[in-house]
2 protein chains.
Amino acid sequence: MAMAQVRDVAALAGVSPATVSNALNHPHRVSARTLAKVQAAIEELGYVRNDAARQLRAGSNPAVGMIVLDAANPYFTDVAHGAEQHLAELGRPLLLGNSAQREEQELTYLRLFDEQRVAGVLIAPVGDVLPKLRTLKDHGTSVVIIDRKAGADEFSSVSVNDEQGGWLVADHLIDQGARRIAVIGGPGSLRQVRHRLHGTQQRADRTDGATVEFLDTGAMDTASGRETVQRLLERPRDEWPEAIFATNDLVALGALQVLARAGVEVPGEIMLAGYDDIEFAASATIPITSVRQPSEEMGRQAAELLRQAIEDPAAAVQHTVFQPELMVRESTSAH
Amino acid sequence: MAMAQVRDVAALAGVSPATVSNALNHPHRVSARTLAKVQAAIEELGYVRNDAARQLRAGSNPAVGMIVLDAANPYFTDVAHGAEQHLAELGRPLLLGNSAQREEQELTYLRLFDEQRVAGVLIAPVGDVLPKLRTLKDHGTSVVIIDRKAGADEFSSVSVNDEQGGWLVADHLIDQGARRIAVIGGPGSLRQVRHRLHGTQQRADRTDGATVEFLDTGAMDTASGRETVQRLLERPRDEWPEAIFATNDLVALGALQVLARAGVEVPGEIMLAGYDDIEFAASATIPITSVRQPSEEMGRQAAELLRQAIEDPAAAVQHTVFQPELMVRESTSAH
DNA sequence: CTGAAAGCGCTTACAG
DNA sequence: CTGAAAGCGCTTACAG
């Protein structure tokens, strides 16, 4: 509890508190002799700066807050990792929050970041957070949106062309002979889900007899995938889809578990595709066809756009759109 | 930038700043009428409290910092999730840091948390952080250690009996007929790795002809697992081990990828076991035998021990030790 | 290059 | 129940 303060350091070093502060924050303003004395005093007392006081006086918090949809999804840990690396280079700590696809959690973190007056926020949104993001901007916090272009006029963004991703999957499935396609994922309100579904539908519309059915899983995790496919298999055999397209790989893995347990042959009886191309999709019991997104690169780019927005809040917003890539594996191609 | 402050709220509500503060922090001290006026003013101005100022004056930060070894490992996301849930119930935000098994990163986060004067820290340590943890404690920050009992006299901890886990795996592998066992994981300095190896060795010592060889992968991820097993397979065929025990599932999944690519039969030619029992181990190409740890429960318990330590810093330290459980799957048991 | 003074935005005793 | 005053620990102009 013997918390040393600047004044203790100053006293021990035989200088003023202002000089200690300068030694800490603007070392070039201080003579080498003084700097050495101050550093020795800091060392001896084990002085650790009080961040709250520094922030209050300096009027800014260098940290960046990030909110992801699911901290347990390797796709998001990769995006976060990319962002963290770039931010570390900029000397900005990253505070990571997990909304777990819950609007309430999302708002809790946004409020926390607002109260902390962080320099910037990176967010993959669940709910309609635009009003809250505008508030943050009003308060001097820059914002970059990950995974969607909504609010396009106001905030820079990094995203992947999800409609094209859906199209690529549908094109492949139809090419493999599937006509009845079930798209599973959710909640349906999630932009990613809507766009991937839309792309699938658009491709299906081009082929006679191709139909798309959407089953809302409610969430994007393995448990939700299991439950949904469980229900699907309770239908009469001739009402099963020929292919299941899960809007992310966790849902696909859950689906695969249920299909395997039920003895359904993949891809023989039902083809299965996922999205995100997480490592575990390629390592699954039956390797899963998926859509690759440059996750780490997306995180880096989001951090870079944020850097630019922080540097010049009046600058024009920018949108980086990455292209998805289909990774074909055993779950859809019987060879 | 029209950042409203308490004084603006006070002016609009026609009360003093002190009353606004009371309305915010001790609503029961304020009349219903006043409370309503203050809340209306807060609403109208979009007032958001300045956390740095609050913390400075209040002298404490309710948040808790957590440092995990690998934010991309589902085991740690589960532990973090358990901790986050319990802390949320206590009204304490969780700040999550990822050391990525790097001592430098670990110290960076510890310094950040120290500067922020967080109420507590949960840490799964990489390096020798005891001196730094003592400093934190001196500064009034409570500490709970996850996954090890080092510093047992000074800090409460939550851990799993890793030696027993290693023993369980070895016992099973030997039972399945394996004698030459390769343990892969790393760095060897990591307590978890040492203990799991030690348990393996102890069991092997009881069986004639059973030998244990340790291969340091340097890190605990899939890439490290791949590289190590790649090198292993370059040995003459008759120098291959009969079983590989990876000290976590990510390493095991990496190992499995290389074995599959090389056409090595698992478990026929080489058995494979992992640790942590992450969901993806059970869903792998060949479902992987693993050791289950109650990850979420560990996180909750760590948060609970922290709560107690924060409440009474002078209380005796406590150690919760969970028991591991072997999950036998196809990767070690032919058919 | 160094220091005395002021003040960041809150909350906490204390008095009324 | 409410308010005037002080002060949390630092950094920022400013003067020397």
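Note on naming: letters A, B, ... go to the chains in the order of the sequence lines (proteins, then strands), and numbering restarts at 1 for each one.
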Contact under 4.0 Å: B:Ser21 side-chain N or O vs C:dT12 OP1/OP2: no
D:dA4 OP1/OP2 closer than 4.0 Å to side-chain N/O of B:Ser16: no
Euclidean distance, atom CG of residue A:Asn50 to atom C1' of D:dC8 [Å, nearest integer]: 8 Å
Along DNA chain C (nearest heavy atom to each residue), the more 5'-positioned of B:Gln5 and A:Ala18: A:Ala18
Pairing partner of C:dA4 (Watson-Crick or G-U wobble, both distances under 3.5 Å): none
Spacing of CG belonging to A:Leu306 relative to CG belonging to A:Leu122, to within rounding of 0.5 Å: 5.0 Å
Whole-Å distance separating the CZ atom of A:Arg33 from the P atom of C:dC1: 14 Å
Paired nucleotide for C:dA13 [Watson-Crick or G-U wobble; both distances under 3.5 Å]: none
Presence of A:His26 side-chain N/O under 4.0 Å of D:dT12 phosphate oxygens OP1/OP2: yes
OP1 or OP2 of C:dC10 under 4.0 Å from side-chain N/O of B:Tyr47: yes
Phosphate contact (D:dT11 OP1 or OP2) by A:Asn25 side-chain N/O below 4.0 Å: yes
Whole-Å distance separating the CG atom of A:Asn22 from the C1' atom of C:dT2: 9 Å
Any B:Thr34 side-chain nitrogen or oxygen under 4.0 Å from OP1 or OP2 of D:dC1: no
Qualifying residue for side-chain contact (heavy atoms from CB on, under 4.5 Å) with A:Ile145, from A:Val158, A:Leu133, A:Val121: A:Leu133
Closest-nucleotide ordering on DNA chain D, the 5'-leading residue of B:Val15 and A:Val20: B:Val15
Separation of atom CZ in A:Arg7 from atom C1' in C:dA5, rounded to whole Å: 16 Å
4.5 Å side-chain heavy-atom contact, A:Tyr47 and A:Val6: yes
Side-chain touch B:Pro125/B:Glu106, heavy atoms, less than 4.5 angstrom: yes
Gap between atoms CD and P, on B:Glu115 and D:dC8 respectively (whole Å): 20 Å
B:Thr19 or B:Leu56, whichever maps to the more 5' nucleotide of DNA chain D: B:Thr19
